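What you see is a predicted model, and the numbers here were worked out from it, not measured in a lab.
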Amino acid sequence: MNDLLRRVRRTPERLLHPLRRRKAIEALRGRQRPNTVLVVCHGNICRSPMAAALLARELAPLAITVHSAGFIGFNRPSPVEAVGAATRHGLDLAAHRSRPVTVEAVRSADLIIVMEWSQKRLLCERYGCAPRDVIVLGDFDPQPEGRTIRDPFEQGRDVFEQVYERIARCVRQLGAILSADEVRSPPAASPTPSPS
């Protein structure tokens, strides 16, 4: 019964997903490729470190810098379940420690990725981010699961596995879009005139 109720509640999200996905892809294709990406979640111990590590690996050939941060906590390690799920994706989160979102991190990012719509709103309100510079990772999911990437904190290994598989799916799509030729490369630095 609970599963049925959950699916009924998610129906509007699933129906809107194709439109949101198309708009998110078009928005990225219409902008310059970022030099720096900031991935944000609530506590920076589960979702954003995983997404940032996967995205950094995906975008390594483009020399795009990827960081992660959260709204709460400082210097906290990722939970054991997060480290284990990341290991199964070929990533090592054992040394990760949470970092708070700062004005400097927000201002230096060309693109900010969040796990929930409310996080986008908070970044825009609190840090003055332009809405076009903050994207919801779940919008890139090829499967119609809705916008929010579920927070697996204290939910057990199975939930971490599901969430990390979804993050990996979304990051593959996002990485492919950012790597495509339709996304404009940043302008080359102007050559410094040589002294005469």
Side-chain angles (χ1 to χ4, degrees), residues 10-42 44 46-71 89 99 101-151 163-189:
R10 286 184 173 170
T11 298
E13 282 291 314
R14 284 197 315 273
L15 293 174
L16 288 171
H17 184 71
L19 173 64
R20 288 180 176 148
R21 184 169 190 265
R22 190 170 50 249
K23 289 181 84 169
I25 291 169
E26 288 170 2
L28 275 185
R29 287 185 176 150
R31 65 181 294 143
Q32 184 173 297
R33 183 176 291 132
N35 288 317
T36 304
V37 175
L38 176 64
V39 185
V40 176
C41 73
H42 185 66
N44 189 225
C46 299
R47 296 172 290 176
S48 59
M50 172 67 171
L54 284 170
L55 198 56
R57 184 169 70 189
E58 189 86 17
L59 300 176
L62 300 173
I64 295 174
T65 304
V66 182
H67 302 286
S68 69
F71 291 107
H89 285 273
R99 291 179 290 272
V101 175
T102 63
V103 172
E104 181 181 298
V106 168
R107 287 188 180 150
S108 66
D110 301 310
L111 181 66
I112 301 172
I113 300 167
V114 296
M115 304 296 135
E116 304 170 22
W117 171 256
S118 60
Q119 294 166 350
K120 176 176 181 167
R121 188 180 65 238
L122 186 58
L123 283 166
C124 292
E125 290 172 358
R126 189 179 288 176
Y127 297 95
C129 297
R132 71 178 295 273
D133 293 334
V134 184
I135 60 172
V136 180
L137 183 61
D139 285 349
F140 295 90
D141 196 338
Q143 297 179 17
E145 290 197 31
R147 304 186 95 174
T148 298
I149 303 280
R150 180 179 176 185
D151 189 350
V163 169
Y164 277 23
E165 186 53 45
R166 181 163 189 227
I167 289 172
R169 202 169 54 230
C170 294
V171 165
R172 280 191 299 271
Q173 295 292 310
L174 179 58
I177 295 162
L178 290 175
S179 299
D181 290 337
E182 293 128 354
V183 178
R184 297 177 310 222
S185 295

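Minimum interatomic distance between Ser179 and Leu62 (heavy atoms only, all atoms of both residues): OG-CD1, 3.6 Å. The minimum heavy-atom distance between Phe140 and Ile135, with the atom names listed, is CE1-CD1, 3.6 Å. A pairwise comparison of heavy atoms in Ser48 and Ser68 identifies O-CB, 3.7 Å as the closest pair. Heavy atoms only, all atoms of each residue included: Cys124 and Cys129 are closest at SG-O, 3.4 Å. Of all heavy-atom pairs spanning Gln173 and Pro142, the tightest one is CG-CD, 3.6 Å.
In summary, Arg31 and Asp110 do not engage in a salt bridge, as defined by a charged side-chain N under 4.0 Å from a carboxylate O. In this structure, Arg132 does not pair ionically with Glu26, as no charged nitrogen and carboxylate oxygen lie closer than 4.0 Å.
The only member of Val106, Val66, Asp133 that meets side-chain contact (heavy atoms from CB on, under 4.5 Å) when paired with Leu38 is Val106.
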| query | Step by step, would you call Asp141 with Arg21 a side-chain contact (heavy atoms from CB on, under 4.5 Å)? | reply | CA-CA 7 Å; Asp141 196 338; Arg21 184 169 190 265; 5.8 Å; no
| said: side-chain contact (heavy atoms from CB on, under 4.5 Å) for Ile64 and Leu111? Distances and angles first, verdict last. | reply: CA-CA 11 Å; Ile64 295 174; Leu111 181 66; over 6 Å; no
| query | Which is it for Arg166 and Val163 under the side-chain contact (heavy atoms from CB on, under 4.5 Å) test, yes or no, and what are the steps along the way? | reply | CA-CA 5 Å; Arg166 181 163 189 227; Val163 169; 5.7 Å; no
| task | Decide yes or no on side-chain contact (heavy atoms from CB on, under 4.5 Å) for Leu28 and Leu174, but give the supporting numbers first. | result | CA-CA 9 Å; Leu28 275 185; Leu174 179 58; 3.2 Å; yes
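Rounding to the nearest 0.5 Å places CE of Met50 at 12.5 Å from SG of Cys41. Between the CG atom in Asp139 and the CD1 atom in Ile113 there is a gap of 11.5 Å [rounded to 0.5 Å]. The line from CD1 of Ile112 to CD of Gln119 is 11.5 Å long, rounded to the nearest 0.5 Å. Atom SG of Cys170 is separated from atom CG of Leu55 by 11.5 Å, given to the nearest 0.5 angstrom. Within the model, atoms SG of Cys46 and CZ of Arg150 stand 12.0 Å from one another, a figure rounded to the nearest 0.5 Å. Rounding to the nearest 0.5 Å gives a distance of 4.0 Å between CZ of Phe71 and CG of Leu123.
Atom CZ of Arg57 is surrounded by more than 12 heavy atoms from other residues, nucleotides or ligands within 6.0 Å.
Within the 4.5 Å cutoff, the side chain of Arg107 has heavy atoms near those of the Val103 side chain. The side-chain heavy atoms of Val114 and Leu122, taken from C-beta on, include no pair separated by under 4.5 Å. Between Arg169 and Glu145, some side-chain heavy-atom pair lies under the 4.5 Å cut-off. Residues Arg47 and His42 are in side-chain contact: their nearest non-hydrogen atoms beyond the backbone lie under 4.5 Å apart.
With His67 contributing its side chain and Ala109 its backbone, the two residues share no donor-acceptor pair below 3.5 Å. No side-chain donor-acceptor contact under 3.5 Å links Arg147 to the backbone of Glu116.
Every residue two or more places apart in sequence or in another chain that forms a side-chain contact (heavy atoms from CB on, under 4.5 Å) with Ala51 is listed here: Val39, Met115, Leu137, Ile167, Val171.
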